[in-house]
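This report refers to the structure that appears directly beneath it.
This one's a predicted model, so the numbers in the text were calculated from it and none came from an experiment. Atoms within a ligand are numbered from 1 in the order they appear, just like the ligands themselves. All values below were derived from every heavy atom in this structure, side-chain atoms included, with hydrogens, water molecules and symmetry-related copies excluded.
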Amino acid sequence: MTLSERVAKAVAAAPVIDLHTHLFAPQFNTLNLWGVDELLTYHYLVAETLRAEPKVAPEAFYARDKTAQADLVWEALFVRRSPLSEATAGVATVLDAFGLDPAAPDLRDARAFFAARKVEDHLEDVLRLAGVTALAMTNDPTDPAERAIWEAGVAPDPRFYAALRIDRLVTSNDLAAELDRWIARMRPRYLAISVNEVSAPPRAVLDACRAHDLPFAMMVGVRRAVNPRLGVAGDGMSTVDLAPLERLAGDNPDVRFLVTTLARENTHGLCVVARKFANVLPFGCWWFMNNPSLIEETTSMRLEMLGPTFVPQHSDARVLDQLIYKWRHARRSIGNALSRRYGAMTVPPTDAQIERDARALLGGIAGEWLGA
Ligand code: FIX
Ligand code: ZN
């Protein structure tokens, strides 16, 4: 076997712990999204459809029901054009994994396939096909539907870790009490926020992380609603100043920070911060960075600057089936970056070393930080 084949094999076999998704365990009922209509109405694809078909007004798109939206996306991005973008290629990978035709003229067969699936069987198949052993949800107690499920005493499938999302909770008048209450109820593996600029969170957040030994995840560089007409598909990004992150990490050496940035331009800066502060863990190629070329470039840079001490990718999946493509595609890019680095080593790596590194990068380090 060539070096790149040995690496691809080890990366394919390494179990993934997915550090950030928007998935819900089946116990959350209708919040658990899966199937072809959900796949096609993913907001990445909505943005691409409205770009490809500028005569369709966003308001008219959203006024359709989900099935009609999915039909329109299929027609615009798969029938009238080739699925070349990463988000469309992902749908093709998922359909193919289930033996469905990504070049079908309509969605009839795909809909029939998913309609015949049982939710429990489907979950097992997706996790197996994606090679994912555990994943973090995004749990927002200010969302009324989600909150009601927690308050009813849900016990999620143990492979679905809770992650307490505080974007909205953070404005609460009694934040410390709210955090304690939700940490007790959800037993989250970390607290998380997504923000435009890095700034120190309220003291109650850092106190809660210390008291419960939980990392604080910051997803940095999103600019919400740059085009509000696109709804959830309308967010943009900006580069940010990382000096406040250095201060935060330096002032709080006993708090662990999981950090991802949305701008390619911040990727290098984040590696430098992580070299200075061991309590900062760069993770993932988030959203607009989740493209094969950028994952390969970013993983190469992180390997060169940090060695195998970071988490190369998280899926950000919103629809269960997306785990299949997000991880199949990411494994390819991570494998390419890894074999290039091994190829540059003076002494070639053994199979055992390759396997150890692949396991650390795909799931081991995430598992350590999440107490898995
Ligand atoms: O803030 C986040 O967690 C983002 O990942 C989402 O808000 C975003 O809409 C998304 O799905 C990106 O992949
Ligand atoms: Zn997300």
Problem set entry | Element-labelled atoms of ligand 1 that are located less than 4.0 Å from some non-hydrogen atom of His20 | 3 (O), 5 (O)

Exercise. Regarding Asn291 and Ser293, is there a side-chain donor-to-acceptor distance under 3.5 Å anywhere?
Worked result: no

For this session: Specify whether Phe98 and Phe113 have parallel, tilted or perpendicular ring planes, treating 30° as the upper limit for parallel and 60° as the lower limit for perpendicular.
Result: tilted

For this session: Return the name of the atom in His20, of element N, O or S, nearest to the Zn ion (ligand 2).
Result: NE2

Seminar exercise, completed: So the atoms of ligand 1 within less than 4.0 Å of a heavy atom of Arg165 turn out to be 1 (O), 2 (C), 3 (O)

Problem set entry | Nearest-contact summary for atom 13 (O) of ligand 1 - protein heavy atom, Å | Tyr44 OH, 2.6 Å

Problem set entry | Sidechain N-carboxylate O distance under 4.0 Å for Lys66, Glu38 | yes

Problem set entry | Heteroatom distance test (His43, ligand 1): nitrogen or oxygen, under 3.5 angstrom | yes

For this session: Rounded to the nearest 10 degrees, what's the angle OD1 of Asp316 makes with NE2 of His22 at the Zn ion (ligand 2)? Could you check?
Result: 80°

Seminar exercise, completed: The closest protein heavy-atom partner of atom 11 (O) of ligand 1 is Arg318 NE, 2.8 Å

Problem set entry | Geometric N/O contact Ser194 with ligand 1, under 3.5 angstrom | yes

Problem set entry | Validation row: Tyr161, Met137 side chains within 4.5 angstrom (heavy atoms) | no

For this session: Would you mind checking if Glu296 and Arg332 are paired as a salt bridge, meaning a charged N to carboxylate O distance below 4.0 Å?
Result: no

Exercise. Could you go step by step and tell me if Thr21 and Thr138 meet the side-chain contact (heavy atoms from CB on, under 4.5 Å) rule?
Worked result: CA-CA 6 Å; Thr21 78; Thr138 293; 5.7 Å; no

For this session: Give yes or no for whether the N/O distance cutoff of 3.5 Å, strictly under, is met between Arg224 and ligand 1.
Result: yes

For this session: For this output row, return yes or no: ring centroids of Phe283 and His314 closer than 6.0 angstrom.
Result: yes

For this session: Give the residue and atom name of whichever protein heavy atom lies nearest to atom 4 (C) of ligand 1, and the separation in Å to one decimal.
Result: Trp286 NE1, 3.5 Å

